Every structure is written in C-alpha cells, then in structure tokens.
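Heavy-atom basis, side chains included; hydrogens, waters and symmetry copies ignored. Reminder, nothing fancy here: chain letters follow the sequence lines and each chain counts from 1. Source: prediction; values computed, not measured.
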There are 2 protein chains.
Amino acid sequence: MPKTTPPDADNSAQQRRLQMADIARLAGVSTSTVSRALAGSKLVSEETRVRIMELARSLKYTINIGAQNLRMKQNRTVGVVIPYDSATRQHLSDPFFLSMLGSLADALTELGFDMLVSRVDAEELDAAAAPFDTGRVIGIILIGQWRHHEQLNQLAARHVPIVVWGAQLPQQLYCTVGGDNVTGGELAAAHLIAQGRKHIAFFGDINLPEVGQRYEGQCRALRKAGMKVDPALQVSVSFLPEGGREAVQELLRRGVPFDAVFAGSDLMAMTSINTLRQHGYEVPGQVAVVGYDDIELAGYFHPPLTTVQQPIREAGRALVSQLLELVDGRPAASLQIPTQLIVRNSSV
Amino acid sequence: MPKTTPPDADNSAQQRRLQMADIARLAGVSTSTVSRALAGSKLVSEETRVRIMELARSLKYTINIGAQNLRMKQNRTVGVVIPYDSATRQHLSDPFFLSMLGSLADALTELGFDMLVSRVDAEELDAAAAPFDTGRVIGIILIGQWRHHEQLNQLAARHVPIVVWGAQLPQQLYCTVGGDNVTGGELAAAHLIAQGRKHIAFFGDINLPEVGQRYEGQCRALRKAGMKVDPALQVSVSFLPEGGREAVQELLRRGVPFDAVFAGSDLMAMTSINTLRQHGYEVPGQVAVVGYDDIELAGYFHPPLTTVQQPIREAGRALVSQLLELVDGRPAASLQIPTQLIVRNSSV
DNA sequence: ATGAAAGCGCTAACAC
DNA sequence: GTGTTAGCGCTTTCAT
C-alpha cells in the first residue's frame, strides 16, 4: 500500500496549505470575520468583506471543506456504487452502466453535489454502505440490482439512504428507479410479432429481476397475439458480451426453429447478430433481432439495432432526486421511467 | 437547490449517528482507548481491544472519516475530472472516456483509494483544481487534454498534483500519461500501405495534440514508404460521433480519390463506415478503414474494426501511480503506454 | 461590526 | 494499559 505522506510531512518544499488563520492575519482581522466575509454574511461591513474576498481570491485560498463539513455537520457528496461480480471478477465495462455513471455525474454536478464512486463485491453488498457509514456521503445510489434483493432490503432496514437502479420487486424496502421492463419487453415482442415473426427467442438470465420482467413482457405480447410461449426458445445466459454467442449456439444445439431474437441487452444483441451471421443466418432477413438499452453505438451498428430505449438522462436525474428525498428524511417512492421502442433495421 | 437538511436536523426519527464517545461510554473506557483499539494499537490490552471491536461491529459503528482526516491531515480520495465542451454542452458519452473512468475506478479501488468524479467546463479548467483546493482530494487525474495545454501548465505551476491523460507536449510542466500516438498512427498507416492502399484519408481534428500526433505518425509512414502526403486527404472534424459522417461528406465534396480512411477514434470510424456504405462504397473492398482506441464494441462491429488499441487497464494504473508519486512530493515523469494495432476485417 | 471562546469527531502526546 | 488534554480548520454563539 502506497504511503501518500500527509501534506505537512517534511518532504522539502511542500508549502503549507493556506488556511483561514493566514488570511485573517494578513487582513488584520479575526478568523470569525474572515469566515463571515467568505460566507457573505451581512454582519460584516461591505468594505472588509470585499477586502477579504479579494485577498482570498488573489491568494487562491479556499475553505477546507472537510473542516467545514465537520463543523456544520453537512455534506454534499453522494456515493455511487457499482457492484462487480466476484466470480468472474468482471470489471466495469458494460456501456450501459458506464453511461449511467456519466448521466449521474451530470445530474449531480448540476445540483452542486459531488460524486464518490466505489466498486464493491456483489456478494458483499453490505460494503456498499461503507461510504455512508463512515460519513463520507449522505446517501448511496447503487447501479445494478442483480440478484441481491435481500441484502438491499437489509441496508434499507438499517436506514441507509439508498436508491437502486433496477426493477421494482414485491416486499421491497428500498427505493428503486428503473425502466418499465415489462412494457419494454412487450413493445419489443409486439413489434416482432407485427413483423410476422412466429418463433421469437429470448436471450438473457431471467433470474435477474429486470431481465425476468422483460421476458414477462414478451410472454404477455405473445399471449395477446394468441401465440404460445415456448420455453425452448428462452436461453439463459449471462450479461457478459459472450452471452450472445453462447445463446445462439445453445439455441442451434436445441434445434428449435426460430425467426427472431429478443436479447436482454444491446451488447448481447450485437454478439448474437455476429454469431448468427457466422452460422450463415441473415439479419434481419432470416432472423430479426431486437436489443435492449439503446446504448450510444446501437444506431451505428450494422444493421442498426432495433432496441428498447432506456432514457438514461432522466434516469440519472430521477435517481438523484429520489435519493435527496430520502436524505431529507422524506419517503421516496419507487419510480418507473417509461421506455420506448426504437425501430431500426435489425428487425425490419 | 434542494435543502438536504443536516442529519441532526429535527425531522422526526433520524437516530443520531453513533460516535466514538458512545462506544466509549458503553464499554466503560475513554475515547482514547476506543480509538486505539479500533486502530489495532498494541498499547491496548488484547482483551479490551477485542471487546471494543466486537461492540463496535455489533453496533455497526464506523469511524467518521471526515473527522479522522481532519485530525490526521490525511486523505485517501483522488479526484477524477472529465472536462466537457461548453460550446456543444456535450455530455460525457465517448465510450473511451467512460471506459477510462471504469479503469480508474478499478485501479483506485485496488489501492484503497476513493474516487471523486467531477465535471468541469473545459474553458474553465482552473475549476478542475477545486476539489484539491478545498482539500477534498489529494490530487487530480484529468481525462481529456484537449487544447488546454496552457491552463494545465498553470495548474501545475500552482503545485496542484495533477496527471493528465493525453499527449506529451514541449514545455510541459504537468505530467501526462498517454498512448504512443505517433507510433499508433504509424502502425495504422503502415498497415494500410501494406494492404496496397494508395490514398489514405485522415479524419480528426489535428489541432488536438493526441490527434495531431496520430496524423504525424501517418505522415511518417507515408514518407517511409516513399509516398507523398496530400493535405486534401486530411479532414478536420470534431470528436463527436457525427464527425465521421461529416468527414466522409466533406471528402466526397472535395472530389479527391481515396481508398482508405484512418479515423481519429473508433466512434468516428464506425460512423464513417456507415456513411461510406450509404454512399455505395464497400468496406473494406473499396475503402479500408482503421479506427483508434479499440473500444469494447470495436470487435463486434460489422465489419469488425481494425484499430489501434489503447491499453486502458494499464493506462488507469499508470495514471494513478504517477499521481501518487506527485502527491508524495516526488517528481513524476510523463509516461507513454505502448499501443498495438489490432487487425480485424475493416481493413483487409 | 468585530473578537473570544467553545466545539464538530477524532487522534496523539503526555501523564499516571 | 488507560485517561487527560490539546488541537486538526472551521463556524457560531455570546460578548463587546
């Protein structure tokens, strides 16, 4: 572990960081006055206030937020946690999660909050609360509900202010914000059905709440169209990019006929398309494909990907606003963000 | 601006956060003993240490890091800043930058550091130092050098510990970590030349240091092959995804013949390929295309993208290790991470 | 309008 | 081994 000596350690020329007492001395006033001046209090005369502010600015002095926070018992930092899968030791790479991070950064910056990012082992989700427990952040936004409903409930029961990006589940103590997965799945499947597709495969781990709901949506669309649900067309594969390839191979192995694929994520849709092509299938000619997420690159893929859009900008804002509710001690309802189908060429 | 009342505000049932004094009282010892016990000091008897630790754990007490930092004048948080373009008000979306964020998160987590992410207006780069000036972070990693060489120099002159992802420039006071852009460009162009391409277009804003160096590499490869550099084949376009489309259109407008494109980023390569196709060009048949970055999706594109790989995992680690050098008061040399050409189908 | 003094939650001499 | 005390850099009564 690197040492990172404290700034005041005697490594030569490290000039000591300026502090309020210095400004006070230089201005010939007390620290109280400096504090007030910098805070824009009207208790200090216009003249000295200006003088002190100028001085501070010319010396590039800024208040030490740590000390200020301690004294004022406040904090404008929000924790964002992205669990990683300890088994695969998978690192942060899903473009959708990454975009969410960007969107959260934007939403928080806009409101004057800082964002503390940490990664935790998905199996030790309790650790997600650490930045809160240690007082560094006022609450936690967790991206990736995965299968950890129970652990999340426990965190909420402990009164950790936490908002989770994911699906709304029965008996849920924590607040979630997520896309409307059932409708999303239904839209996707209905679209494929409208294109005349008869055998629609589903790729994705339906044990994950969000994916499960997307599949449920597909089933609903099938039933509405008077078609029956064939379990042989449902292939459970992980969220990793290779998922698409594996799913196609498994489906071919099963030997069930299919003319469409609804994939649990765009990444999976893309690898599915590539694998289908390698096996000589034309997309969308022989197999129509629909993805999920509408990541930045979906439209640039060949063929451009039909997909269900998760409105990431609003998602970020919603996550933040619900968290701030919780932080202020108000209850925060779980939210569903409406999704829409983006029809491109991979399915028509 | 939302209020975010301090935790001790009187909104009903917010139970006060446990603190060391509480543990001390419950254990019947002084706070010093608790402090020592929790720090694992050998000054406290085995027995009381265990007792106190158990107590703390059962009560889910954790030390308030803010107070600890203040007292110990230490900090294990690193700032990561991603400037945004104020003109286009462009938000964080380039997959490469996003991946870099992920890689940094991993590298920092591994070393036990936290990551504070902020976004600043690229025109006000001075603001990038704010998290440092206010004592929240021990140093800054800035992703995106853009055109702000001068402002970065000023930050370094102010002794802000800062490491920048970007190109190494003459008269540079700050530390950079970046790919070897010249070699990268040379590899890409040499590859295209080896494929028998005669008229290689370059897409990208060569005023950006990194892109300029990639172009320089291309020129070098051309000269080595005894070919001449045709300025009409260089098209300056922004880093935005649409850049690729605009570049192709501009090139066609110019009417110069071309049989290859070297694009400044993968995103641009992808949109270029799509636009070329729309105009009836076959890739790689009539036009070979090479990108830059090797983003996650490059291999899944159709055709799979030949590209220059920026090793993002090492990049993250290198950025962090150089920053920690600076923080410890040691000089940190700028680093170039070797790049390699990944040959896929878009160019062969 | 300004200053003195107390204290935010913690650690580290220094006593015993 | 453990407690007492001072103080990290700031804000805020309470005096003046």
[X] side chain to [Y] side chain, donor-acceptor N/O pair below 3.5 angstrom:
X: Thr48(B); Y: Ser45(B); answer: yes
X: Tyr174(A); Y: Gln145(A); answer: yes
X: Ser103(B); Y: Arg317(B); answer: no
X: Thr176(B); Y: Ser334(B); answer: yes

Given atom [atom1] of [X] and atom [atom2] of [N], what is their separation to the nearest angstrom?
X: Arg51(B); N: dG1(D); atom1: CZ; atom2: P; result: 15 Å
X: Asn69(A); N: dG7(C); atom1: CG; atom2: C1'; result: 16 Å
X: Ile52(A); N: dC10(D); atom1: CD1; atom2: P; result: 14 Å
X: Leu38(A); N: dC10(D); atom1: CG; atom2: C1'; result: 11 Å
X: Asp133(B); N: dG9(D); atom1: CG; atom2: P; result: 16 Å

Would you indicate, yes or no, if dT2(D) has its OP1 or OP2 atom less than 4.0 angstrom from a side-chain nitrogen or oxygen of Ser45(B)?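 It does, given that an N or O in the side chain of Ser45(B) lies less than 4.0 Å from OP1 or OP2 of dT2(D).
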
Has Thr48(A) got a side-chain N or O lying under 4.0 Å from the OP1 or OP2 atom of dT2(C)?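 Indeed, a polar side-chain atom of Thr48(A) lies that close.
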
Over-ring placement of Arg76(B) relative to Phe113(B), 6.0 Å and 45° cut-offs: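 Yes, Arg76(B) and Phe113(B) form such a contact.
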
Does Arg17(B) make a cation-pi contact with Tyr61(B) (under 6.0 Å, within 45 degrees of the axis)?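 No, Arg17(B) and Tyr61(B) do not form such a contact.
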
Return the nearest nucleotide to the side chain of Leu43(B); candidates are dG3(C), dT2(C), dT2(D).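 Closest of the options to the side chain of Leu43(B): dT2(D).
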
Heavy-atom contacts, protein to nucleotides 8-15 of chain C, under 4.0 Å, summarised as B (base), S (sugar-phosphate only) or - (none) per nt, yield BBBBBB--

